[in-house]
Amino acid sequence: MLEEVELLADDASTYVETGVMKAALKDLHFQQASVQMAIAQLEQMKARSPWATPWPWITIMALALIIAQALR
């Protein structure tokens with residue numbers, strides 16, 4: 001998608017100062033890199049989450065069953 005923006009920016013450069021357009025493209029590249037880094041960090045956090053595995057849920061269910069049996 002960024003390539004399409006660059007192509008459109010080249011076409012629009014006849015209407016706007018070239019320096020402003022180049023600065024805007026540089027900002028877009030920076031924002032794209034920031035978004036990609038944020039996505040990578042979120043994916044790493046998801047993989048490290050203990051709730052992503054079934055063991056905490058199994059433990060909670062086992063405790064709930066033990067408590068239910070004790071209350072009978």
Side-chain angles (χ1 to χ4, degrees):
M1 189 160 119
L2 190 57
E3 291 82 19
E4 293 174 8
V5 171
E6 289 175 341
L7 181 62
L8 290 172
D10 287 339
D11 291 341
S13 65
T14 58
Y15 303 109
V16 182
E17 294 178 31
T18 306
V20 173
M21 192 64 66
K22 286 182 180 180
L25 284 173
K26 186 176 180 180
D27 188 43
L28 281 174
H29 281 287
F30 178 73
Q31 289 177 6
Q32 182 185 27
S34 296
V35 167
Q36 288 174 342
M37 283 180 24
I39 290 171
Q41 287 176 348
L42 286 173
E43 288 174 348
Q44 285 178 351
M45 287 179 62
K46 180 181 175 186
R48 288 187 287 176
S49 173
W51 295 102
T53 64
W55 295 112
W57 301 108
I58 292 171
T59 305
I60 290 172
M61 291 301 290
L63 287 173
L65 288 173
I66 291 171
I67 292 170
Q69 291 295 325
L71 294 176
R72 284 185 165 190

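The figures that follow rest on heavy atoms only: side chains count, while hydrogens, waters and symmetry mates do not.
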Would you check if Gln31 and Leu28 make a side-chain contact, meaning some heavy-atom pair closer than 4.5 Å?
yes

Test side chain to side chain contact (heavy atoms under 4.5 Å, CB included) applied to Ile67 - qualifying residues, sequence neighbours left out
Leu71

Which of these, Glu43, Gln41, Gln36, sits in a side chain to side chain contact (heavy atoms under 4.5 Å, CB included) with Ile39?
Glu43

Could you pull out all residues at least two apart from Ile58 that satisfy side chain to side chain contact (heavy atoms under 4.5 Å, CB included)?
Pro54, Trp55

